Q: 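To start, I am sharing the structure in question, which I have written as structure tokens.
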2 protein chains.
Amino acid sequence: MVESAAVLFRERGVQGTSFNDVLEHSGAPRGSIYHHFRGGKTQLAEEATQWAGEFILASTAAALAEDDPVAAFESSRRWWTSVLRDSDYAAGCVIVAATLEGEREPSVRDAAARAFQAWESVLRDAFVNRGIPAARARSIATLTIAAIEGAVIMARAERTAAPLERVSDELETLVANALRGEAG
Amino acid sequence: MVESAAVLFRERGVQGTSFNDVLEHSGAPRGSIYHHFRGGKTQLAEEATQWAGEFILASTAAALAEDDPVAAFESSRRWWTSVLRDSDYAAGCVIVAATLEGEREPSVRDAAARAFQAWESVLRDAFVNRGIPAARARSIATLTIAAIEGAVIMARAERTAAPLERVSDELETLVANALRGEAG
DNA sequence: GTCTATACGAAGATAGAC
DNA sequence: GTCTATCTTCGTATAGAC
């Protein structure tokens, strides 16, 4: 049910997804919602955000453990491209959707912040372990996440994965240069 | 009224903003909505998106006309930082909000796509005019927009402008290098 | 053009039976 | 735990008077 919520949130946003939508998508029984989610829709949104954050974190960590950062970027690019294509460019990132929930539900936004920070940490550590100075490593980690998220949004608007491809190319070049010790 | 809608959309999203909210914020008379916006909320969202796109386009073009691209980035950074700070990190970008409206209102999403493309064009042209090859210029333009939009989202989640600062630093370094003819 | 009143539907949440 | 029924609120949109 949390997974269904995540799938729907990334296509329709948190505000655009009703409890009924989640029930229908997950096949969960109607009467049991407020047993499992005493906090109502807010709690569901928090848990879906956390779930998505952990998914991205695990995927990123696994890719970084296997390959060098540039190769890991490739697997990330492929994953986001398939998410976009398979949804006809309707799906984005759950953490972004949770952030946009913003003022209405601070706890959901805070869950998104934790997901972003964990994601940034695992990237930063990978860069540091490969010899990039800590401050620079953090900047590149932030840039990576921001650029991917922004590119996914642009891809949804323009209904083509091209923005994500261009952004990924630039990111890979930048990271490859940084790994060789260059400034930019 | 379009301006009020834009202000509210960037804080609460399109779905999270009601017609009543716009009326209250703008002080517009209640009975005249469907005279001016026959297409209802959809039309209002389209016009607000177009308005925001033209605003960003004009600001960017003006900054690029006065200074070199790196200096123009500085003015962009300052503008976004003040938007975030002044709203207590509640406000983001109208075009992003319009994109997230997505499947529900294709015409709104298309207006967002046009805004992104116009923005990208003016950046790309500025880079080309300063000697960066066309393909690379376009990639950097896409990266710039994606990274700024992503950084604004991260800033809202984390309630600090720090992500935007780090991303801006990286972007300025990258563009400065590209202007000197380097690869990354 | 602007007003009030209202129709209509959707969504979150709760109550109480099984 | 799960069901049906219902309460309440809210949002879009329309109708008809001024």
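Keep in mind that the numbers below use all heavy atoms, side chains included, and drop hydrogens, waters and symmetry copies. If you're wondering where the values come from, they're calculated on a predicted model, not measured in any experiment. Note on naming: letters A, B, ... go to the chains in the order of the sequence lines (proteins, then strands), and numbering restarts at 1 for each one.
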Q: Sequence neighbours excluded, which residues qualify as salt bridge (charged side-chain N to carboxylate O under 4.0 Å, His left out) partners of Asp88(B)?
A: Arg159(B)
Q: Mind checking what makes salt bridge (charged side-chain N to carboxylate O under 4.0 Å, His left out) contact with Arg38(A), not counting sequence neighbours?
A: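 Per chain and number, Arg38(A) pairs via salt bridge (charged side-chain N to carboxylate O under 4.0 Å, His left out) with no residue.
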Q: Enumerate the residues from residues 19-26 of chain A whose closest heavy atom to DNA chain D is under 4.0 Å, giving them by residue number; use none for an empty result.
A: none
Q: Under the side chain to side chain donor-acceptor pair (under 3.5 Å) rule, collect the residues that match up with Ser26(A), sequence neighbours excluded.
A: none
Q: Taking any atom under 4.0 angstrom from a heavy atom of chain B, which nucleotides of DNA chain D are the first and last to qualify, 5' to 3'?
A: dG11(D) to dT14(D)
Q: Which side chain to side chain donor-acceptor pair (under 3.5 Å) pairs, counting each pair once, include a residue from residues 48-58 of chain B, with sequence neighbours left out?
A: Gln50(B)-Glu54(B)
Q: What contact category does Thr17(B) fall into here, base, sugar-phosphate, or nothing, at under 4.0 angstrom with non-hydrogen atoms?
A: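 Thr17(B): backbone/sugar contact only, no base atoms under 4.0 Å.
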Q: Quick one: list whatever passes salt bridge (charged side-chain N to carboxylate O under 4.0 Å, His left out) with Arg166(A), sequence neighbours left out.
A: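 Testing Arg166(A) for salt bridge (charged side-chain N to carboxylate O under 4.0 Å, His left out), a comparison that skips the adjacent residues, returns Glu120(B).
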Q: How about Phe19(A) and Tyr34(A): are their ring centroids closer than 6.0 Å?
A: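 Yes, the ring of Phe19(A) comes within the 6.0 Å limit of the ring of Tyr34(A), centre to centre.
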Q: May I ask you to list the residues of residues 27-40 of chain A, by number, that have any heavy atom positioned under 4.0 Å from an atom of DNA chain D?
A: Pro29(A), Arg30(A), Gly31(A), Ser32(A), His35(A), His36(A)
Q: Not counting sequence neighbours, which residues clear side chain to side chain donor-acceptor pair (under 3.5 Å) with Arg78(A)? List them please.
A: none
Q: Applying ring pair (Phe, Tyr, Trp, His ring centres under 6.0 Å), which residue pairs with at least one partner in residues 96-139 of chain A are found, sequence neighbours left out?
A: none
Q: Just list the side-chain donor-acceptor pairs under 3.5 Å for residues 2-14 of chain B, sequence neighbours left out, or say none.
A:
residue	atom	partner	partner atom	Å
Ser4(B)	OG	His25(B)	ND1	2.8
Arg12(B)	NH1	Asp21(B)	OD2	3.2

Q: Scan for side chain to side chain donor-acceptor pair (under 3.5 Å) pairs involving residues 67-77 of chain A, sequence neighbours excluded, and state none if there are none.
A: Glu74(A)-Arg77(A), Arg77(A)-Glu165(A), Arg77(A)-Asp169(A), Arg77(A)-Glu172(A)
